[in-house]
Amino acid sequence: MHELVIAGKFVTEEGIFRGSVGIDDGKIRAISTGLLRGEEVLNLGEDLILPGLIDVHVHLRDFEEKHKETIESGTKAAIHGGITTVFDMPNTRPPIMDLKTFERREHTFRGRAYSDYAMGFLVSNNCEDAKMSGADFFKVFMGASTGGIYSKDFESDYSCAPGVVSVHAEDARTIQKRPERPPEAEIKAVERVLLAAEKLRKPLNICHVSTGGAIKAVTRSNLPWVSFEVTPHHLFLSRGDYERNGLLKVYPPLRGEDDIRTLWENFRRIPIIASDHAPHTIEDKKEGAAGIPGLETEVALLLDGVNRGLLSITDIVKKMHLNPIRVFGIRNKGFRLGADADFTVVDLKREWIVKPEEFYTKAKWSPWEGKRLRGKAVMTLLRGEVVMEEDEITGKPRGVRIDVR
Ligand SMILES: NC(=O)N[C@@H](CC(=O)O)C(=O)O
Ligand SMILES: [Zn+2]
Ligand SMILES: [Zn+2]
């Protein structure tokens with residue numbers, strides 16, 4: 001007899017099966033195609049039950065930028081959007097690039113996160129601190145983005161990081177000459193990344209790949225320790241959208257139809273989908289801040305894509321659960337016995353209109369404002385506890401740091 005049994009239609013990388021999962025102490029203890037017995041049974045009918053979705057690229061801000069987002073508002077937005085674990089990007093103010101600030105970040109998270117979280121460390125000529133930090137992943141900027149910090153010697157920073165490196169691949173010199181950041185800025189940086197990865201042979205994830213040239217270069221290099229992520233805004237929005245709405249300024253920039261077509265033509269080769277949730281106030285955006293909020297639309301946009309035949313529901317499990325766990329070595333997550341009982345429950349047929357005023361993020365604006373989407377996250381479970389149901393955040397912050405050791 002389990003504490004809790006969840007029954008319904010489970011989605012794995014192979015497909016959908018009707019069955020039930022037995023949960024005790026927040027962990028998956030039994031998986032069955034029949035109906036397990038539980039003190040409490042949560043029957044989820046026709047909704048689809050995905051393993052907890054993981055977003056490996058999220059800017060939670062907080063510290064001196066609480067007006068943009070806090071740990072609470074950002075992680076509430078995560079579980080509202082169906083995300084159970086977020087990777088906290090370290091280009092905060094102050095940036096997380098020394099031991100004292102890393103420890104301060106760790107305390108800032110305690111008891112305030114509504115989702116689980118991985119802690120990042122920004123590497124830029126600070127190798128000793130990076131090695132001593134114990135961070136869950138490491139961030140390197142090859143060119144400046146929000147916060148303005150970037151590596152003067154990418155190879156040395158990449159070589160120093162004692163764990164998986166996520167890299168912002170836009171070439172600094174090209175950006176200085178051509179601030180509009182054409183595809184060449186990304187392609188040049190990605191080619192440098194691949195040469196370094198070939199030499200150093202250590203795990204690396206290329207952030208927000210946006211161009212056909214970069215995705216072709218990565219897939220051609222075929223290095224098993226090199227992964228990459230693509231964002232929903234680079235899949236569903238274009239440079240034309242930015243020309244019509246200046247708020248859509250983002251680094252790397254939204255691209256032309258050719259690049260977008262190549263991303264979709266290579267969709268099955270994309271290991272990870274991540275939001276690059278980058279909240280700014282409307283005032284900051286009007287002053288040219290780069291970044292787009294994405295936590296509360298990313299899953300719904302992908303589900304809408306499933307309904308339009310652009311991708312399959314199993315793609316979402318592969319690119320937002322399985323591959324993030326594999327690439328970043330997450331030990332306590334996964335749809336298997338002994339792993340945390342995190343689940344993202346979606347209603348694939350739910351039609352709704354994007355209304356940013358109903359968002360939990362402080363960035364109450366969206367490129368998809370007013371758009372009708374088919375598909376929505378309707379319930380989020382974290383270690384067997386319902387933490388979001390029908391847009392309501394239920395209960396207190398339960399999020400804890402993931403285990404990548
Ligand atoms: N993507 C952006 O345009 N902005 C991000 C930084 C980054 O991911 O480069 C931010 O932190 O605002
Ligand atoms: Zn970036
Ligand atoms: Zn980012």
Side-chain angles (χ1 to χ4, degrees), residues 55-70 74 77-78 83 86-97 105 117-124 137-151 154 157 165-172 174-175 179-181 185-186 189-190 193 204-211 214 228-235 237 239 241-242 245-255 272-295 298 324 361-363 365-367:
D55 189 335
V56 302
H57 191 150
V58 174
H59 298 273
L60 293 173
R61 309 293 192 215
D62 207 294
F63 280 2
E64 288 159 29
E65 295 183 303
K66 288 185 177 61
H67 60 292
K68 289 183 187 252
E69 198 79 287
T70 62
I83 302 295
V86 298
F87 276 49
D88 179 42
M89 283 293 160
N91 64 322
T92 45
R93 217 173 55 213
I96 304 167
M97 56 193 304
R105 192 67 171 184
Y117 53 91
M119 295 192 60
F121 190 91
L122 208 166
V123 189
S124 177
F137 73 100
F138 296 83
K139 180 70 183 277
V140 174
F141 286 88
M142 294 176 80
S145 188
T146 300
I149 294 167
Y150 66 96
S151 288
F154 161 68
D157 289 332
V165 169
S166 265
V167 59
H168 178 114
E170 286 189 292
D171 179 66
T174 308
I175 294 171
E180 76 282 11
R181 298 174 184 237
E186 174 174 289
V190 165
V193 161
L204 173 136
N205 173 59
I206 305 174
C207 296
H208 40 50
V209 165
S210 65
T211 62
F228 65 95
E229 66 191 46
V230 172
T231 71
H233 49 267
H234 287 116
L235 284 167
L237 297 173
R239 186 177 44 241
D241 292 307
Y242 169 52
N245 176 358
L247 290 183
L248 304 191
K249 179 180 177 182
V250 63
Y251 297 147
L254 299 179
R255 299 298 184 188
I272 293 176
I273 300 280
S275 67
D276 190 11
H277 176 78
H280 293 288
T281 62
I282 289 289
E283 297 71 32
D284 294 339
K285 287 296 296 179
K286 286 182 176 151
E287 279 164 32
I292 293 174
L295 280 170
E298 62 183 315
T361 176
K362 287 194 173 185
W365 67 276
S366 170

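In each ligand, atom 1 is the first atom listed, and ligand 1 is the first ligand listed.
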Item to check | Heavy-atom nearest neighbour in the protein, as seen from atom 3 (O) of ligand 1, with distance rounded to 0.1 Å | outcome: Y251 N, 2.8 Å
Could you tell me if [Y] and [X] have a donor-acceptor pair between their side chains, going purely by distance under 3.5 Å?
X	Y	result
S151	D157	yes
H67	R61	no
S275	D55	yes
T361	E69	yes

Checklist entry - N/O of K139 under 3.5 Å from N/O of ligand 1, yes or no? => result no
Checklist entry - Is it true that the NZ or CZ of K139 lies under 6.0 Å from the centre of F141's six-membered ring and within 45 degrees of the ring axis? => result yes
Taking non-hydrogen atoms only, is [X] closer than 4.0 angstrom to ligand 1 via side chain, backbone, both or neither?
X	value
M89	neither
R61	side chain
S145	side chain
I292	neither
K249	neither

Item to check | E298: partners by salt bridge (Lys or Arg N to Asp or Glu O under 4.0 Å), with sequence neighbours left out | outcome: none
Next on the checklist: Suppose the cut-off is 2.8 Å; which protein N/O/S atoms would you list for the Zn ion (ligand 2)?
Outcome noted: H168 ND1, H208 NE2
Next on the checklist: Does the plane of the ring in F87 sit parallel, tilted or perpendicular to the ring in F137? Use 30° and 60° as the thresholds.
Outcome noted: tilted
Checklist entry - Which ligand 1 atoms are under 4.0 Å away from a heavy-atom of H280? => result 12 (O)
Checklist entry - Which ligand 1 atoms does A290 reach within 4.0 Å, using its non-hydrogen atoms? => result 2 (C), 3 (O), 4 (N), 12 (O)
Checklist entry - Checking H277 side chain against L295 main chain: does a donor-acceptor pair fall under 3.5 Å? => result yes
